[in-house]
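Worth saying up front: this structure is predicted, and the values here are computed from it rather than measured. All values below come from the heavy atoms of this structure, side chains included, with hydrogens, waters and symmetry mates left out.
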Amino acid sequence: MAVEIRPETFSLVLFDVEEIRALTEQLVAQIGLPRDASVTVEVDETTPLGYAHVTSLSPVMLSLESGALEDPKRPRQMDPVGSADVLGRLLFEVRDRLDPAFGEAPASGDLTLPEASAWQAYCVGRLGRLGHHVQRQRRLYHFRNRHAFSDAADAAFDRLWNGDGLTWADIVAESNGALAAQPA
Amino acid sequence: MRKSFPVEDLARDARFVRVPIMERITDPRNAFQEQAGSSSRRAAGRLTPERPDAPDAARALMHGIFVGEIQALEGAGRTCWDFEVGAGDEEGVPEVPFELKLDMARQCWDEARHCEISIKLSDHMGTELGEFSENTFLYEAACNPDPVLRLTGVNRALEGLAIDVFNTMREFGELAGDPILEFCEDWMLADEVTHVKMGSDWLRRLTVNDKDRQKRALEFQRVVDKLFSLGGFRGEEEDSPVRLARRFRELAGFKEAEMDTLAEVAREARSEMEAQVARNKIAVTG
């Protein structure tokens, strides 16, 4: 497994390339990506915003704005726990996309906000079961914002959060079901 | 017990980390932000549910409200203690009417309740206390040794900012269909309108025979308002994350001309921030 971090050195943020590489390697192994997968993590250090998405599967390319890895209490410094949350979520998305049984999901940029939050709930729930620190209530809040503040949405979230072996169709069905049950 | 408690000595546990506002302003990444009005996605923009990062942006803003409530409680509490009861007409003696202290005590009661509401809202939104950094510029505005200037800085500028922020969050909760956020913000907003009204009333009463002091207080408010505009974070531009809540400010006793001035101050703050960013850009990129 080859993990490449871009840029090779940071000048605007105080991130350690080797720390990001080690974390990514650990997550790739834990999540179970193919042994021959090569993963590139590209960090845009010119912005403090925090977007992060999968831009390619072959080779695997993760594109992140520097805020996605940043410690919210220490400007320009990396937060290992938060970084594991972001990178782990993206790598679970990669694993799903590489799995033929998962089905064909739209490209990251084409996901609707409800679809994206539903898939993230499924990814982060599994990441938590690997022993990483995750914020269940935060993800529930995201899901409620994109679906509804309703019992039906909470039940759908629980199924995604605790789910395993779900397909893209399952995720879309949970998302659409929660949207359909929105209070008038 | 000490009078005029310094900001450095405020009590916080290990969860809370302070970041000076200058550290944010001088962040070299700011040099790469596009100018205001650019269509490229380099700045956060107005807080609406359509923003992909809206839930996390709301969480961060809510945490800012929470630490702001702590500081507002500390500021109002200090005002109860720092000044003696009296007519305040003797030179060099910072005195205030007893009724002003009573208003500050009532405000402490409100702010303590707001802290508790903010903690419950943070739980609701999945935010851990101390998850984001704290900036203490709100309390710093509450350290002026002249009670009139302090009341003006805290109750008209700080609490005025609170009106704008709470209204922004209330609207966000309404648009997102989150009744808990919407109603909690609405109730706190009602208190803030009262707090601003207190500041306006005491400014008028304490300076009725001292126009020079009133002028100094309003100049101090302008300085604080510019600081609290946070380089355009609060303003009336289309992409300002927090908008001036004119209707609620009117209820709190602000005149139309005062709000126009405040909007102008916010534009000045934004221009100054953009100039600072341009200077940073030259320093970073050469």
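Of the listed residues (A:R138, A:R144, A:R74), the greatest number of heavy-atom pairs within a distance under 4.5 Å of chain B belongs to A:R138. Most heavy-atom pairs under 4.5 Å with chain B: of the set A:R139, A:Q135, A:E45, this distinction falls to A:Q135. Per-residue heavy-atom pair counts under 4.5 Å with chain A were compared for B:H63, B:E50, B:R59, B:E128, and the maximum is reached by B:R59. Counting heavy-atom pairs closer than 4.5 Å to chain B, the top residue among A:S66, A:G82, A:S117, A:A116 is A:S66. For the set B:A60, B:P49, B:P28, B:G177, the count of heavy-atom pairs under 4.5 angstrom toward chain A peaks at B:P28. Chain A forms the most heavy-atom pairs under 4.5 Å with one residue out of B:D123, B:I180, B:D27, B:D178, and that residue is B:D178.
A donor-acceptor contact closer than 3.5 angstrom is absent between the side chains of B:R267 and B:S229. Judged purely by distance below 3.5 Å, without hydrogens or angles, the side chains of A:E93 and A:S108 pair a donor atom with an acceptor atom. Using modelled atom types, one finds a donor on one side chain and an acceptor on the other under 3.5 Å when comparing B:E192 with B:H114. When only modelled atom types and interatomic distance are considered, B:Q71 and B:E111 share no side-chain donor-acceptor pair under 3.5 Å.
No side-chain heavy atom of A:V124 sits less than 4.5 Å from a side-chain heavy atom of A:F92. Here the side chains of A:L64 and A:D44 are not in contact, with every heavy-atom distance at 4.5 Å or above.
Screening A:W119, A:F157, A:Y122 for a ring pair (Phe, Tyr, Trp, His ring centres under 6.0 Å) with A:F143, the sole residue that qualifies is A:F157.
For B:E23, the part lying under 4.5 angstrom from a heavy atom of chain A is the side chain only. If you measure heavy-atom distances from A:R146 to chain B, the contacts under 4.5 Å come from the side chain alone. Proximity to chain B is absent for every atom of A:Q182, based on heavy atoms less than 4.5 angstrom apart. Interface residue B:A58: only side-chain heavy atoms are found under 4.5 Å from chain A. Contact of B:D56 with chain A is made through backbone and side chain together, with heavy-atom distances under 4.5 Å. Interface remark: B:H124 contributes backbone and side-chain atoms alike to the contact with chain A (heavy atom separation under 4.5 Å). When heavy atoms are compared at a cutoff of 4.5 Å, A:L113 approaches chain B solely by way of its side chain, counted from C-beta outward.
For CG of A:D151, the number of neighbouring non-hydrogen atoms (other residues, nucleotides, ligands) closer than 6.0 Å is 12 at most.
Geometrically, B:R18 does not engage B:F16 in a cation-pi contact, judged by NZ or CZ lying under 6.0 Å from the ring centre and within 45° of the ring axis.
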